[in-house]
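In what follows, a single structure is set out as structure tokens and then discussed.
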Amino acid sequence: MELKSKNQPVDVLLGCIVAFCFSTLCWAQRLCTVPPGPVMIPENNTADIQVVKITSNSDVTLSVSVNPEDLFYMKGNILMVKKGLDYESLSSPTLLVWVKCSKAGSRSVNESVEVLVENVNDNPPNFAQNHYVLDVNELTPVNLSVGLIEATDVDSEPLYYRLESATVRLPSSCLLCFIVLHLT
């Protein structure tokens with residue numbers, strides 16, 4: 001049995017209105033498009049580098065609406081970094097930037113750009129002192145720990161160093177010979 005609507009012209013009109021509203025909403029959401037996924041930027045980059053290119057029509061205005069630590073700006077449709085990023089000085093290595101897309105006669109749309117700052121090993125380890133002397137008995141067995149020297153490194157934890165055998169030939173006339181370990 002086939003159902004027929006008694007109000008067919010009204011249904012068609014209502015369908016057209018709904019279709020128009022959806023197309024308007026979809027158009028408003030397409031004012032600009034940000035590529036998916038986070039953008040990776042290594043720390044210690046130079047100033048004025050491109051983060052991401054945002055796709056938009058020429059009549060759409062783009063501006064940064066949420067700017068963590070005031071690090072970003074728009075140059076046309078390109079999100080740029082104002083200065084070099086330092087992983088250790090940021091409150092978080094993940095920065096969420098919001099870009100506002102505006103067009104006359106349309107509702108503004110905000111798009112997010114997730115920026116991940118990559119840590120680079122750019123800081124030297126810190127030791128309690130500059131020089132260490134360890135006394136090692138000549139009869140000490142191989143692979144035995146002879147001392148513990150603690151250091152910190154803001155780029156990575158934990159920090160390990162070890163002495164490895166060297167092929168250094170000492171003169172047979174050496175009465176007092178020593179090995180200097182430079183920790184850098």
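Atoms OG1 and NZ, from T46 and K83 in turn, are 14.0 Å apart once rounded to the nearest 0.5 Å. Put simply, CD1 on I49 and CG on L79 are 10.0 Å apart, with the number rounded to the nearest 0.5 Å.
Of the listed residues (N110, N77, L31), just one forms a side-chain contact (heavy atoms from CB on, under 4.5 Å) with C101, and that residue is L31. In summary, of the residues considered (D122, V120, V117), a side-chain contact (heavy atoms from CB on, under 4.5 Å) with D86 occurs for D122 alone.
Residue N137 qualifies as enclosed at atom CG: its count of foreign heavy atoms under 6.0 Å is above 12. Under a cut-off of 6.0 angstrom, the local environment of NZ in K82 is crowded, with over 12 non-hydrogen atoms contributed by other residues, nucleotides or ligands. More than 12 heavy atoms of other residues, nucleotides or ligands sit less than 6.0 Å from atom CD of Q129.
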Derivation of the side-chain hydrogen bond (donor to acceptor under 3.5 Å, both in side chains) call for N67 and Y73: CA-CA 8 Å; N67 194 353; Y73 70 97; over 6 Å; no
Audit row: S102, T61, side-chain hydrogen bond (donor to acceptor under 3.5 Å, both in side chains) steps and yes/no: CA-CA 5 Å; S102 306; T61 304; over 6 Å; no
Criterion side-chain contact (heavy atoms from CB on, under 4.5 Å) on L90 and L71, from CA distance to verdict: CA-CA 11 Å; L90 294 172; L71 293 170; 3.9 Å; yes
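In this structure, the side chains of V115 and F72 come closer than 4.5 Å at one or more pairs of heavy atoms.
Between L95 and S92, the shortest heavy-atom distance links the atoms CD2-O, 3.7 Å.
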